[in-house]
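Only one structure is covered here, and it is reproduced in the block below.
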Amino acid sequence: MTPADLSAAIVRILAGLQAAGTLGAGSLPTDVVVERPKNREHGDWATNTALQLAKAFGTNPRALAELMAAELRGVAGVAAVDIAGPGFLNITLDAAAAGELAKTILEAGEAYGTGSDLAGQRINLEFVSANPTGPIHMGGTRWAALGDSLARVLIAQGAEVTREYYFNDHGAQIDRFARSLLARARGLEAPEDGYGGAYIGEIADRVLAGTADDILALPDAEAQEKFREYGVELMFGEIRQSLHDFGVDFDVYFHENSLYESGAVERSIERLRELGHIFEQDGAVWLRSSDFGDDRDRVVIKSDGDAAYIAGDIAYYLDKRSRGFDRCIYMLGADHHGYVPRMMALCAAFGDQPGTNMEILIGQLVNLMRDGQPVRMSKRAGTVVTMEDLVDAVGVDAARYALARSSANSQLDIDLEQLSKRTNDNPVFYVQYAHARTKQVANNAASLGVERTEFMPELLNHASESELLAKLSELPRTVAQAAEFREPHRVARYLEEVAGAYHRWYDNCRVTPLSGGPVESVHRTRLWLNEATGVVLRNGLALLGVSAPERM
RNA sequence: GCCCCUAUAGCUCAGGGGAUAGAGCGCCGCUCUCCGGAGGCGGAAGCGUAGGUUCGAAUCCUACUAGGGGCGCCA
């Protein structure tokens, strides 16, 4: 008996009451929320359904609660139903019905926690998309952790997800990058508007070492082109490697330049022109984005004939849609939030639904802190702190967990001291240790002959077992909400609660008998609960891309 | 000036209309004759301000204050 089972039972009861004429006409909910009450004196589960629906059914909350309670008491596994306050229903299960969950979880295994809310949806999830002009900095790192985890959560809800990286290999920033490489190779200062980190020297050296001809002997324009061609390739290789080492691999690395080479940019602008949303003024080509909620119109082709940045986005969006994606989710940094209205406008200009076909998530900035001061310098990049810096300092698990455990729309300060020097005082270790402990307990149980040969769920009746079971039952709902709200951090917070409940259970309920004592049914049954906790922690950590070690 | 995000414990953050607002860290106590004490138990400590909606607001709305970010024919 899980909260989901109770919820379904309540929906059936309401329908039954209405069919019997006991309730007036009123639209029935398809799902009601059943929650663990904060105060254990209020039972195992509680719902405020009667308070919320009474008005719609033309009755008062207390009366509706009475009707529902009478029916609920007849549901198998329900031990008691009380009505409290203005109309809360407090439900107590019998221990066996609650304990059954341990077996359910073990039978489901890796599938426990998955759902089908998003079944059939084809989602394109674009994140990171950092320019290949330098290493990935903290903003991109946060998106890598959060985006990859979101992808996993969406997949767990049945969506078909393509992780995509938009590779901006076209335009002025790349030119500056190439000029910077060339200048460094010639022993000159970086250009005024160029890039100056130590990595520029490294890349420049590798370009020189990797090309047979003496490209420094070429005229500037040709030499710069060589540095652009090979330098971008090398930089991008490094970015891919950093991401891979971070546990993030994209299904598609999309090259902006390909949109220009294939003519997709011209074709997409032509399409908008046919739809009547393009006009020309002052020698430039404009998108009438103000017709679609943007605060002004936007230049698509500049008066000098070059494409503006948005031209690539127009073509890219159309390309994603033509590849069959119902939803295109973009994860952007806070410094790009001003770009959102024009993106939504171009979506609408194509006749699509902003917010549905196109969804944009904005992530606030993240600061690395050390000794209470922001860390701004990176050895390699010169100015920004990179993904590699963070991983070097704290490791992949701690880095990903720290970045994924907070909501994207709050700014985040990450304390390197807490994550590195005192690693055992870190939330990720609290969770990972709980998982390792389930393994240790299982090993001890095996060596003492405790096996899962019998399962008597009514023996899981200690208060700490009730708490643990209740917490384990919430994984499916947590994952579903994380997917619905695009908030994978919910999974991390949930796991911390599971870990706490497990540690408390461990201190109260032994899986192995005291030395010399007989192995009893209760030990064998508790082993199921121990294993079920391991499954939940493992499945949850997997959604965050964090390892579940068997020992620490 | 306009737009976006944020304001909850000493710190970093959860809490998407419900009952006594939580976690980790830090601080003060306690806890091991038996599954790893990297644990557990107890304590001190908090919703920026002012209104509004509601039976009920940390949560929704408005104003204000404070912090961060953004407002190019840059990318």
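Just so we're on the same page: letters track the sequence lines, and every chain starts at 1. As the structure is a prediction and not an experimental result, all values here were calculated from the model.
Residues Asn444(A) and Gly85(A) each lie close to RNA chain B; by heavy-atom proximity, the contact nearer the 5' end of the strand is made by Gly85(A). Ranked by how close their nearest RNA chain B nucleotide is to the 5' end, Ile362(A) and Val441(A) are led by Ile362(A).
The distance from the CZ atom of Arg298(A) to the CG atom of Asp295(A) is 5.5 Å, given to the nearest 0.5 Å. Here the NE2-OG distance, from His277(A) to Ser289(A), works out to 11.0 Å after rounding to the nearest 0.5 Å.
Base contact: Arg510(A) has a heavy atom under 4.0 Å from a base atom. Within 4.0 Å of Ala442(A), counting heavy atoms only, lies no atom of the nucleic acid at all. Using a 4.0 Å heavy-atom criterion, one finds that Asn90(A) contacts the bases of the nucleic acid, with or without backbone contacts as well. Looking at heavy-atom distances under 4.0 Å, Gln173(A) makes contact with sugar-phosphate atoms alone, never a base. Among the protein residues, Ile174(A) comes within range of no part of the nucleic acid, since none of its heavy atoms lies under 4.0 Å from any strand. Contacts of Leu365(A) with the nucleic acid, taken as non-hydrogen atoms under 4.0 Å apart, involve only primed sugar atoms and P, OP1 or OP2. Using a 4.0 Å heavy-atom cutoff across all strands shown, Glu487(A) reaches at least one base atom of the nucleic acid. The residue Ser303(A) sits close to a base: some heavy atom pair falls under 4.0 Å. Counting any heavy atom pair closer than 4.0 Å across all strands shown, Arg551(A) reaches a base atom. Among the atoms of the strands shown, only primed sugar atoms or phosphate atoms (P, OP1, OP2) are found under 4.0 Å from some heavy atom of Ala334(A). Residue Ala445(A) is classed as having no contact, given no heavy-atom separation below 4.0 Å to the nucleic acid.
Rounding to whole angstrom units, CE of residue Met369(A) and C1' of G67(B) are separated by 13 Å. The distance between atom CZ of Arg342(A) and atom C1' of C74(B), rounded to the nearest whole Å, is 11 Å. For the pair Tyr339(A) OH and C73(B) P, the computed distance is 12 Å after rounding to whole Å.
Atom CD of Glu233(A) is surrounded by 12 or fewer heavy atoms from other residues, nucleotides or ligands within 6.0 Å.
Taking a centre distance below 5.5 Å and an interplanar angle below 30 degrees as the stacking criterion, Phe88(A) stacks against the six-membered base ring of A19(B). An aromatic stacking contact between Tyr309(A) and the base of C74(B) is absent, as defined here by ring centres under 5.5 Å apart and ring planes under 30° from parallel.
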Could you walk me through whether Tyr330(A) and Tyr339(A) pass the ring-ring contact (aromatic ring centres under 6.0 Å, His included) check? CA-CA 11 Å; Tyr330(A) 295 72; Tyr339(A) 206 68; 9.3 Å; no
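The base-pairing partner of A9(B), taking Watson-Crick or G-U wobble contacts with both distances under 3.5 Å, does not exist among the strands shown. Within the shown strands, G18(B) is the pairing partner of C55(B) under the Watson-Crick or G-U definition, both distances less than 3.5 Å. Here C73(B) sits opposite no nucleotide as a Watson-Crick or G-U wobble pair (both hydrogen-bonding atom distances under 3.5 Å). Both distances falling under 3.5 Å, in either a Watson-Crick or a G-U wobble arrangement, occur for no nucleotide opposite C47(B). Pairing for C41(B) goes to G29(B), judged as Watson-Crick or G-U wobble with the two contacts each under 3.5 Å.
The Ser406(A) side chain lies nearest to A14(B) when the options are G69(B), C35(B), A14(B). Counting only heavy atoms from C-beta on, Glu496(A) has its side chain closest to A23(B) among G68(B), G18(B), A23(B). Among G37(B), G15(B), C73(B), the nucleotide with an atom closest to any side-chain atom of Asp282(A) is C73(B). The listed nucleotides are C35(B), A75(B), G24(B); the one nearest the side chain of Tyr430(A) is G24(B). Side chain of Arg296(A), nearest nucleotide from C73(B), U6(B), G69(B): C73(B). Distances were taken from every side-chain heavy atom of His336(A) (C-beta onward) to each of A75(B), C35(B), G69(B); the shortest belongs to A75(B). For Gln411(A), whose side chain is taken as the heavy atoms from C-beta onward, the closest listed nucleotide among G18(B), G67(B), U12(B) is G67(B). Here A75(B) is the nucleotide among C5(B), C73(B), A75(B) with the atom lying nearest to any side-chain atom of Asn131(A). When distances run from any side-chain atom of Trp286(A) to the nucleotides U20(B), G70(B), C73(B), the shortest one goes to C73(B).
Ring-plane geometry between Tyr166(A) and Phe254(A) is classed as tilted, the angle between the planes lying from 30 to 60 degrees on a 0 to 90 degree scale. Ring planes of Trp505(A) and Tyr502(A): tilted class, angle from 30 to 60°.
Going from the C1' atom of G70(B) to that of U8(B) covers 27 Å, rounded to whole Å. G48(B) and G68(B) have their C1' atoms separated by 16 Å, with the value rounded to a whole Å.
Neither OP1 nor OP2 of C41(B) sits under 4.0 Å from any side-chain N or O of His503(A). One finds no side-chain N or O of Tyr166(A) lying less than 4.0 angstrom from the OP1 or OP2 phosphate oxygen of A75(B). In this model, the phosphate group of A14(B) is approached by a side-chain N or O of Ser410(A) to a distance below 4.0 Å at OP1 or OP2. Considering only side-chain N and O atoms, Lys302(A) lies under 4.0 angstrom from the phosphate OP1 or OP2 of A75(B). Contact between the side-chain N/O atoms of Arg477(A) and the OP1/OP2 oxygens of G16(B) is not found at any separation under 4.0 Å. Contact annotation: Tyr502(A) does not reach the phosphate of G40(B) (side-chain N/O to OP1 or OP2, under 4.0 Å). Taking side-chain N and O atoms only, Lys38(A) has no distance below 4.0 Å to OP1 or OP2 of U20(B).
Between the side chain of Arg490(A) and the base of G15(B) there is no donor-acceptor pair of N/O atoms closer than 3.5 Å. Counting distance only, with no hydrogens placed and no angle test, the side-chain atoms of Asp175(A) and the base atoms of A75(B) include no donor-acceptor pair under 3.5 Å. Counting distance only, with no hydrogens placed and no angle test, the side-chain atoms of His337(A) and the base atoms of G69(B) include a donor-acceptor pair under 3.5 Å.
For the residue pair Ser129(A) and Glu126(A), the shortest heavy atom distance occurs at OG-OE2, 2.9 Å.
Checking side-chain atoms of Ser149(A) against main-chain N and O of Leu146(A) turns up no donor-acceptor pair under 3.5 Å.
Geometrically, Arg288(A) engages Phe279(A) in a cation-pi contact, judged by NZ or CZ lying under 6.0 Å from the ring centre and within 45° of the ring axis.
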